[in-house]
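Take a look at the structure set out below.
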Amino acid sequence: MQVQLNPPLEPGNAPRHAAAIVATAADISGAALDYSPESIVLVEDIVDGFRAEGVTDEDMAESLVAFGCYVGEILTRHAGGAWRRALPAQATTVSLVVELPDARECHPIDWVFRRLKFGTDVSIRDLCAAAGTEHGPSDEQTGE
């Protein structure tokens with residue numbers, strides 16, 4: 001999927017995209033995204049709302065990427081991860097991943113796209129917990 005963001009979707013810009021969606025979510029829905037693992041519930045609720053409205057990933061690509069950056073920022077802040085480019089064969093939606101201190105890779109942007117596509121069958125909360133954000137069970141896989 002080709003997404004045109006300003007600034008471009010680069011590892012160093014992911015926090016800016018996260019901050020932008022925090023402001024947008026507050027303005028549009030009053031959601032208080034505070035970078036806590038518990039706030040992932042709000043992200044899931046917002047994405048579930050998009051799904052209920054029948055929007056597609058193409059319709060909401062930029063917002064979904066920004067919400068993925070927000071989830072990734074939770075991983076950087078609470079699990080010690082760092083943004084980096086994915087190898088071309090790794091990324092399914094975008095070219096950024098969060099690498100955890102133990103070298104596991106997380107795909108938070110892909111998780112958000114998958115939540116829109118598959119609904120509650122994809123738990124972003126569980127995926128983040130598996131990454132070690134100290135919220136929920138920690139035995140789920142962090143990959144796709």
Side-chain angles (χ1 to χ4, degrees), residues 1-25 28-29 31 33-144:
M1 170 176 297
Q2 189 70 17
V3 179
Q4 299 297 321
L5 296 172
N6 187 15
L9 190 58
E10 301 282 341
N13 292 334
R16 291 176 63 187
H17 293 295
I21 205 66
V22 167
T24 300
I28 292 174
S29 66
L33 299 177
D34 62 3
Y35 296 98
S36 68
E38 294 79 15
S39 69
I40 294 167
V41 173
L42 297 173
V43 173
E44 289 180 327
D45 288 347
I46 292 167
V47 174
D48 291 346
F50 295 158
R51 181 177 166 80
E53 293 171 11
V55 300
T56 67
D57 58 357
E58 291 290 330
D59 296 332
M60 298 300 295
E62 292 169 1
S63 293
L64 295 173
V65 167
F67 278 116
C69 288
Y70 173 79
V71 172
E73 279 300 292
I74 293 172
L75 294 170
T76 66
R77 295 172 186 211
H78 296 276
W83 287 103
R84 73 165 180 79
R85 286 202 164 281
L87 299 174
Q90 294 173 317
T92 59
T93 305
V94 296
S95 60
L96 292 184
V97 297
V98 173
E99 185 173 359
L100 300 176
D102 63 3
R104 286 182 295 155
E105 292 180 353
C106 297
H107 302 258
I109 299 171
D110 288 342
W111 298 344
V112 172
F113 276 84
R114 288 175 48 220
R115 179 69 178 219
L116 179 68
K117 183 174 182 178
F118 299 111
T120 58
D121 288 345
V122 175
S123 172
I124 300 169
R125 288 175 290 174
D126 288 350
L127 291 164
C128 282
T133 58
E134 303 173 356
H135 183 269
S138 59
D139 58 354
E140 300 288 326
Q141 291 185 353
T142 59
E144 298 174 67

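Between the OG1 atom in Thr76 and the CG atom in Leu100 there is a gap of 10.5 Å [rounded to 0.5 Å]. In this structure, Ile124 CD1 and Asp110 CG are separated by 11.0 Å, a value rounded to the nearest 0.5 Å. Taking CG of Leu42 as the reference point, atom CG of Leu33 lies at 5.5 Å (rounded to 0.5 Å). For the atom pair NE2 (His17) and OG1 (Thr24), the distance works out to 12.0 Å, reported to the nearest 0.5 Å.
Scanning both residues, Gly81 and Val98, for their nearest heavy atoms gives CA-CG1, 3.7 Å. Taking every heavy atom of both residues into account, Ser63 and Ile21 meet most closely at O-CD1, 4.2 Å. Considering every non-hydrogen atom in both Ala131 and Leu75, the closest pair reads CB-CD2, 3.5 Å. Ile40 and Cys128 make their closest contact through CD1-SG, 3.4 Å (heavy atoms, listed as atom of the first residue, atom of the second, distance).
Taking the charged nitrogens against the carboxylate oxygens, Arg85 and Glu10 do have a contact shorter than 4.0 Å, which makes a salt bridge.
Between Trp111 and Arg115, every side-chain heavy-atom pair lies at or beyond the 4.5 Å cut-off. When side chains are defined from C-beta on, Cys106 does not count as touching Leu127, because their heavy atoms never get closer than 4.5 Å.
Each of Asp57, Asp59, Val112, Leu116 was compared with Phe50 under the side chain to side chain contact (heavy atoms under 4.5 Å, CB included) criterion, and only Leu116 meets it.
Heavy-atom contacts from other residues, nucleotides or ligands closer than 6.0 Å to CZ of Arg77 number more than 12.
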Only pairs under 3.5 Å count here: list side-chain donor-acceptor contacts from residues 64-73, not counting sequence neighbours, and write none if there are none.
| residue | atom | partner | partner atom | Å |
| --- | --- | --- | --- | --- |
| Tyr70 | OH | Asp34 | N | 3.3 |
| Tyr70 | OH | Tyr35 | N | 2.8 |
| Tyr70 | OH | Ser39 | OG | 2.4 |
| Glu73 | OE2 | Trp83 | NE1 | 2.7 |

> Could you walk me through whether Ser95 and Leu9 pass the side-chain contact (heavy atoms from CB on, under 4.5 Å) check?
Replying inline: CA-CA 8 Å; Ser95 60; Leu9 190 58; 5.6 Å; no

